[in-house]
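Notes follow the structure.
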Amino acid sequence: MATLTPVMDRPVAARLVRSPADRRRATVDRSMRGLALAAAIACVIPLGAVVLFVTLKGAAGLNLDLLTKAPRALGTGGGAASAILGSLQMIPLATVVAVPVGVLAAVYVNEFSGRRSATAIRFAADVLVGIPSILVGIFVFTFLVLPFKQFNAFAGSMALALLMVPVIMRTTEEILRLVPSTLREASLALGVPMWRTVLSVVLRTGLTGILTGVMLAVARAFGETAPLLFTALGSRLVNVGDFAKPMDALPIFIYVNARQPFPALNQQAWGAALLLLIVVLAINILVRARSWGRRAA
Amino acid sequence: MTIPGAPGLPTRRFTGRSGSSADRLFRTSTGIAAVTMAGLILAIGLMLLVNSGEAFRQFGVGFVTGTTWDPVAGIYDALPYIVGTLLSSAIALAIAAPIGLLTAIFLAELAPRRVALPLTFLIELLAAIPSVVFGLWGVFVLSPFLGATLEPFLIRTLGWIPIFAGPSYGIGLFSAGIILAIMILPTIVAIAREVISSVPDSQREAMAALGATRWEIVRRAVLPFARSGIVGAIILGLGRALGETMAVTMVIGNGQNIPTRLFDQAQTIASKIATTFNEASIGLQTSSLIALGLMLLVITISLNVVARLLVRRVATEGGR
């Protein structure tokens, strides 16, 4: 910040000579700074409130039944096994599809493309991140559900992959930009072909950062509901391995059970929400704490 | 986080056009990946455009101005959902823009580093909470709380103004606006903070040399310099609010009429699609829902483009 000391931080003696106008300015200064502090606190309150209530209400619902039992077809009881298994199948498939596309696109933008097209593709990624995810659901529905007349988990995975690609591309690209050119030159000078240089020197150097981006994209995919509504649909049945059939996912389970008139099912929604929150926040905290630690050092 | 749309270093690290066939293959495959990603936007837009044709041909301008959504009569109009979307986002902005801006100022200008770092971290975590979890919390905690406290209070004190008139249900436009405000705060704070940080120190030092207080430095040097970027940050928040689906769907109450009062139950474009699309019969009704989606896409993309251009303007002028 500024190297000169603002009025309020000067020694007391210097502050003694003050006109009423000065005093008014000091009051305005103090109150606006207080207001800014209050606003910052107000930002954190919802985080605390959500985490607190999900923990309180979810702790009772997060039990062995929720983790291991399938939902009952009718009435209450059962658990969220279908949703947990569904998320654990669709997200790996989405990741497997999204990582190569996102990383290669980042390599293109950072290593090969001209400045103009790089700007355009970066811009496209930013816009893609901003597209409402429900529209991605409609898009994938049209191409992967409608032709087969069957909601299916494969479509759900592809919808999630579509949301992950721009996130992975942008974070990867930020990292690749930091890889020093001297490394590339050294590698090329040793006679290593360009493609090997990119794969085993450039990407290898940025690996930790790339993994950070991938993990953040995975965390985002875990919580996405809207794009799954018209694709994977959700299901009360445990579906292992059949990507041509509807599949449940944690966020869909929460959404569906929250709308039921049975308190027992609402309770399951809270339990599943606690599980989801633990997964998402754990990934975010672990991944971000690393980069924050580095930035603070 | 870096400023979105900020110009990077010059690219094209590998300049040679020639190379072995393996090199060419690799270069081409990265190009295909990049074009695929960029092409997705075009594909989504085209798909929505083609599939919404039936609705627009059938209803014309009436689609945007009509108020009926009646599957039995086969009439589908969009106005109630357009109004619901605009109003819920307006409520969200009215709350989140001032709080977000003040927070960004606090983090970038006023707070000592050891306070600003953990606070920024917590606000990033707020952005990571899934929409459906906000929705669950909104339905069972926030809405009943508002319905029992703030809403009756507003009706008692301001009820003589038509928009504040009762009854209130807890669930409705107001709750949706507040949930949206919480969800867009992290976006506004993060971008506004980056923009404010990119104001050159010389601007602050000049004000300080004139004897300005901390707030006067912010008010008269930093904010004017960062203005367009701050507007960009708020517009990005607006774009997010307009397209937000799950949390809104869960707390807005699925009202089918045009909301006229703050506590009315309503429906946004996104929530209408989320609740109706799977039950809709293929044909005119689906086409109408996709037409709603197309409008949403056009609005959010335009807002995004404008916002990013505004943010980039500050980033290129300043930069420390």
Side-chain angles (χ1 to χ4, degrees), chain A residues 2 4 6-8 25 29 32-33 35-37 39-40 42-44 46-47 50 53 101 104-105 107-115 118 121 124 126-128 130 132 134-135 138-139 142 165 177 181 184 193-195 223 225-226 229-230 251 254-255 258 269 273 276-277 280 284 292 296, chain B residues 4 8-14 19-20 22-23 26-27 30-31 33-34 37-38 41 44 47 99 102-103 105-106 110 117 119 121-123 125-126 128-130 132-133 136-137 139 141 182 185 204-205 208-209 211 213-215 239 243 245-246 270 273-274 277 293 296-297 300-301 304 308:
Chain A
L4 295 173
V7 174
M8 286 314 298
R25 290 173 53 213
D29 181 60
M32 290 315 290
R33 288 163 73 166
L35 209 57
L37 173 65
C43 279
V44 186
L47 176 72
V50 170
F53 276 100
V101 179
L104 285 180
V107 167
Y108 177 76
V109 164
N110 200 58
E111 312 288 332
F112 301 133
S113 85
R115 198 169 172 163
I121 291 165
D126 285 344
V127 171
L128 203 55
I134 187 113
L135 300 182
I138 296 184
F139 176 70
T142 312
V165 166
R177 218 185 276 175
S181 279
R184 296 180 183 83
M194 183 185 73
W195 66 273
T225 322
L229 288 179
F230 317 144
I254 297 170
Y255 176 60
L276 181 60
L277 200 62
V280 170
N284 269 276
W292 275 105
Chain B
L9 299 171
T11 52
R12 193 174 285 164
R13 302 284 165 79
F14 297 94
S20 68
D23 279 358
F26 183 67
R27 190 203 303 257
T30 63
M37 194 197 60
I41 299 174
I44 292 175
M47 188 284 289
I99 295 181
L102 276 172
T103 305
I105 291 172
F106 180 77
L110 305 174
L117 276 179
L119 261 183
F121 183 70
L122 288 178
I123 292 171
L125 283 191
L126 184 63
I129 294 179
V132 70
V133 174
L136 185 69
W137 178 74
V139 173
V141 180
I182 295 171
L185 259 178
R204 295 184 185 85
E205 284 156 9
T213 62
R214 273 304 243 310
W215 176 252
T245 310
M246 295 319 295
I273 297 174
F277 193 79
L296 189 60
L297 183 78
T300 47
I301 286 189
N304 257 286
R308 284 176 200 286

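In what follows, every chain begins at residue 1, and chains take the letters A, B, ... in the order their sequences are listed. The model shown is predicted, which means the values in this text are computed figures rather than measured ones.
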Using 0.5 Å steps for rounding, measure from the [atom1] atom of [X] to the [atom2] atom of [Y].
{"X": "A:L104", "Y": "B:R27", "atom1": "CG", "atom2": "CZ", "answer": "14.0 Å"}
{"X": "A:W195", "Y": "B:D23", "atom1": "CH2", "atom2": "CG", "answer": "8.5 Å"}
{"X": "A:R33", "Y": "B:L102", "atom1": "CZ", "atom2": "CG", "answer": "13.5 Å"}

Largest heavy-atom contact set with chain B, pairs under 4.5 Å, which of A:C43, A:A269, A:A124, A:G223: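 Most heavy-atom pairs within the cutoff with chain B belong to A:C43.
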Quick check for you: among A:I138, A:L277, A:V127, A:L35, which has the greatest number of heavy-atom pairs under 4.5 Å with chain B?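 Maximum pair count with chain B is reached by A:I138.
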Using a 4.5 angstrom heavy-atom cutoff, name the option from [options] with the most pairs to chain A.
{"options": "B:V139, B:I105, B:T245, B:L185", "answer": "B:T245"}
{"options": "B:I41, B:L297, B:I301", "answer": "B:I41"}
{"options": "B:G31, B:A38, B:G239", "answer": "B:G31"}
{"options": "B:I123, B:L119, B:I273, B:V133", "answer": "B:I273"}

Please look at [X] and chain A and tell me whether the side chain, the backbone, both or neither of the residue comes under 4.5 angstrom of a heavy atom of that chain.
{"X": "B:I99", "value": "both"}
{"X": "B:L110", "value": "side chain"}
{"X": "B:I182", "value": "side chain"}

Using modelled atom types only, decide if a donor and an acceptor are shared between the side chain of B:T103 and the backbone of A:A39 within a distance under 3.5 Å.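 Checking the backbone N and O of A:A39 against the side chain of B:T103, a donor-acceptor pair under 3.5 Å is found.
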Is it the backbone or the side chain of [X] that comes under 4.5 Å from a heavy atom of chain B, or both, or neither?
{"X": "A:L276", "result": "side chain"}
{"X": "A:V50", "result": "both"}
{"X": "A:Y255", "result": "both"}
{"X": "A:V280", "result": "side chain"}

Min side-chain heavy-atom separation [X]-[Y] under 4.5 Å:
{"X": "B:P130", "Y": "A:I254", "value": "no"}
{"X": "A:L128", "Y": "B:M37", "value": "yes"}
{"X": "B:L125", "Y": "A:L47", "value": "yes"}
{"X": "B:F26", "Y": "A:F112", "value": "yes"}

If I compare all heavy atoms of [X] with all of [Y], which pair ends up nearest, and what's the gap?
{"X": "B:M246", "Y": "A:T225", "answer": "CG-CB, 3.4 Å"}
{"X": "B:R214", "Y": "A:D29", "answer": "N-OD1, 3.4 Å"}
{"X": "A:A258", "Y": "B:L136", "answer": "CB-CD1, 3.5 Å"}
{"X": "A:P251", "Y": "B:V132", "answer": "O-CG2, 3.6 Å"}
{"X": "A:A40", "Y": "B:F106", "answer": "CB-CD2, 3.6 Å"}
{"X": "A:G130", "Y": "B:T300", "answer": "O-CB, 4.5 Å"}

Residues two or more places apart in sequence or in another chain: which of them pass ring-ring contact (aromatic ring centres under 6.0 Å, His included) with A:F230?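 ring-ring contact (aromatic ring centres under 6.0 Å, His included) list for A:F230, sorted by chain: B:F277.
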